[in-house]
Amino acid sequence: MMDLFSEIEEPEREELKRLRKELEEANYKYYVLNMPTLSDREFDEKMHRLQALEAQFPDMFDPKSPTQHVGSDLGKKGFEQVKHKYPMLSLANSYSREEIEDWVRKLPSNAEIVCELKFDGLSISLWYEHGILVKALTRGDGVQGDDVIANIKTIPSIPWRIERDDIPDFFELRGEVLLPWERFEALNKEREEQEEPLFANPRNAASGTLKLQDPKEVARRGLEAYLYYMLGDNLPGTTHFERLETAKQWGFHISDAIKVCKNVDEVMAYIAYWDTERKNLPVATDGIVLKVNNLAQQEELGFTAKTPRWAIAYKFPAEKQLTLLKEITYQVGRTGVVTPVANLEPVQLSGTIVQRATLHNEDFIKSLDIRPGDRVWVEKGGEIIPKIVGRADRNDEMSATPSLNDGMMYSFPDVCPECGTPLVRVEGEAAWRCPNEAGCPPQIKGKIEHFVSRKAMNIDGLGEETIDLFYQKGLLKNIADIYDLKLEDIAAQERLGEKSAQNMLTGIEASKQVPWARVLFALGIRMVGETTAKKIARVYNNIDTLQWATAEQLCAIEDVGPQIAENIVAYFNDMRNLEILERLRQAGLQFEGEAAEEPQSDKLAGMSIVISGTFAHHSRDEYKAMIEANGGKNVGSVSKKTSFILAGENMGPEKRKKAEDLGIPLKTEEEFLEMIQ
Ligand code: IVH
């Protein structure tokens, strides 16, 4: 009888499981990827059906079911640490034919060698159970990594599910997560506009992206992945090459640049070909990986403690070129920093033609004694801006061009190349700066560009060229002028018709609703980036209180050091800024924010709490906010007045000792969360 019942129930139980999967995916695609796959109506119908089935089978309750949470919760929690099924090792490096020959000599004489590109990103391990992607682990320390599956699912080429019946119950695919060059450059351009630190290369950018707790932002940045290693039991094939072919058939993104070689000559030919051709690839590569093809031979060779014996990396030499330095010019940035720029005889580097490269600052030029007419080494090692890294010996044959100003010492200009104002050099800084903030054209235009940028006032239609044009015509001399622009002034300009003029005015009007924190960021006070502006605005919720704050008071704000505090004070001490601010106020900008949030409870009233270590559930900032929201005070150092320490992993040994000496209790994050529940 029982059996008969379960047989009848079985299809409905299956339907319940299927609906959970379907709704989970739909939520993810809707909330994270911004790509709805179901109509609202379909979604609701499926959700109701799932609720009905869950009511029918209470034994199948699952707190993770889509009926138990809202889709927008997705991806908010921290990463789970998971132990790797097989340790994630690295590869031994080689740099020459000789080193490759040494390695080959230790292999069985008939060993075939698979050559692959070495992708320069971050390794990832994908776990597939019954064809479903269940985990995506970073390398971590090689033994355990973070499960970043929510971020990995934003990569379109990674299948969430393999629907075939010829796949083993479990298999793992390893590969590399990368940010393609194009995406990397766009991201850095955006960060430059926002005065956020630039990523040095696509690998760092991919790493920063994969760590984000915001899959929507990850999706926007556009990661990519190439897979190169399949592991597991009962996998088809006897060679590595066959396995990758199989993985390709199953729908995985496998590079086409894979070649089975019989000897070192063939390997060297592959290397020579790809050393040039890789410059046309959409992603960064830094070498070649050589792997023994036969899996039985691989097993025989085994591993050392850190690397497999059956594989080795060959690293490409860094991309450097020698070229003629024709002239040194100077570029003035939005904050007045004057950067020396090398104007070069054009050279081909990493797939692009380079004719300009940074010389960083005066000290750099002097330390290498670089002068126009020298032959210099230029490198584009993943960085967005090519840089000069050295100079050829002046007596070298390569350096036959006589120095243009032979014998003359180089000297940095003492006046601004744009406005003629004498430059100043801040103690301890390498940069020379033009102090004429209000009158130096690139500084004026740069400030306006920053003000209208997306994360600041977000005024569409006022791009770099338009700002330049309006500046030339005398329509824009500072940020306040934006709010005096008239339809007829704008429409009268070449290239701009009435319609785009109208759009621009709509954007300007809309910017009057931009909240206080972003307005503060938009003002372009030196070193006050987006995050710092938010933190300041949280403490000073209107411009009047901020204006009268002293450097000391400002330093009490998280992330605000003496230099930033000085910059803020100096900004408000400048009459010209005050005039501009007054005009912006008249225009109706938001110079006031929400009042600081009232505590949600007084559970921690009167308590001084120290936060120490790293946490799994929330960031330190979040814990700080929670302490304050519950009436407590977050303090930096342990004293006898400390009520308790919110202690995470790896708490500093000094704090731990002090706490012990003073008898201050430690609370784990779980205990803390319970306290404020
Ligand atoms: S195979 C046990 N193949 O390079 C060997 N690795 O320096 C597993 N990498 O950690 C690695 N491209 O992140 C392999 N075609 C490729 C690769 C590759 C890039 C990375 C990988 C590895 C690192 C070693």
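In listed order, ligands and their atoms are each counted from 1.
- Contacts with ligand 1 closer than 4.0 Å are made by no heavy atom of Arg174, backbone or side chain.
- Residue-to-ligand polar distances place Leu117 within reach of ligand 1: an N/O pair is separated by less than 3.5 Å.
- Contact of the Ile271 side chain with the Arg97 side chain is not registered, since no non-hydrogen atoms from C-beta on lie closer than 4.5 Å.
- Listed by number with element, the atoms of ligand 1 under 4.0 Å from a non-hydrogen atom of Leu91 are 5 (C), 6 (N), 7 (O), 24 (C).
- Any N or O atom pair closer than 3.5 Å counts here, and Asn93 shares no such pair with ligand 1.
- The option from His240, Arg203, Lys118 that lies nearest to atom 23 (C) of ligand 1, judged by heavy atoms, is Lys118.
- Only one option out of Leu137, Thr138, Leu89, Asp141 pairs with His84 in a side-chain contact (heavy atoms from CB on, under 4.5 Å); it is Leu137.
- Looking at heavy atoms from C-beta onward, Arg174 lies in side-chain contact with Tyr86 at the 4.5 angstrom threshold.
- Of all protein heavy atoms, the one closest to atom 10 (O) of ligand 1 is Arg139 NH1, 3.4 Å.
- Lys291 NZ, 3.0 Å is the protein heavy atom nearest to atom 3 (N) of ligand 1.
- Ring geometry for Trp274 against Tyr270 counts as tilted: the plane angle lies between 30° and 60°, on a 0 to 90° scale.
- Side chains of Glu300 and Asn294: no donor on one and acceptor on the other come within 3.5 Å.
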I'd like to know whether Glu217 forms a salt bridge (Lys or Arg N to Asp or Glu O under 4.0 Å) with Arg220, so could you lay out the CA-CA distance, the side-chain angles of the two residues, the decisive distance to 0.1 Å, and finally the verdict. CA-CA 5 Å; Glu217 173 62 15; Arg220 194 185 71 82; 3.0 Å; yes

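- Of the protein's non-hydrogen atoms, Pro308 CG, 3.5 Å is the one closest to atom 2 (C) of ligand 1.
- Nearest-heavy-atom check against atom 15 (N) of ligand 1 across Gln298, Glu116, Met88 picks out Glu116.
- Taking a cut-off of under 4.0 Å to the non-hydrogen atoms of Leu89, the atoms of ligand 1 that pass are 10 (O).
- Of the residues listed (Trp310, Phe119, Phe241), the one engaging Tyr229 in a ring-ring contact (aromatic ring centres under 6.0 Å, His included) is Trp310, and it is the only one.
- Closest to atom 18 (C) of ligand 1, if we only count protein heavy atoms, is Tyr228 CZ, 3.3 Å.
- Considering only non-hydrogen protein atoms, atom 20 (C) of ligand 1 sits nearest to Glu176 OE1, 3.5 Å.
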Begin with the C-alpha distance, continue with both residues' side-chain angles, and end with the deciding distance and a verdict on salt bridge (Lys or Arg N to Asp or Glu O under 4.0 Å) for Asp120 and Lys315. CA-CA 11 Å; Asp120 193 11; Lys315 296 291 268 291; over 6 Å; no

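- Summarising the contacts of atom 12 (N) of ligand 1 with Tyr229, Trp310, Phe303, Phe119, the nearest heavy atom is found in Phe119.
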In residues 124-134, what donor-acceptor pairs under 3.5 Å come from side-chain atoms, sequence neighbours left out?
residue	atom	partner	partner atom	Å
Ser125	OG	Trp127	NE1	3.2
Ser125	OG	Glu172	OE2	2.7
Tyr128	OH	Pro159	O	2.6

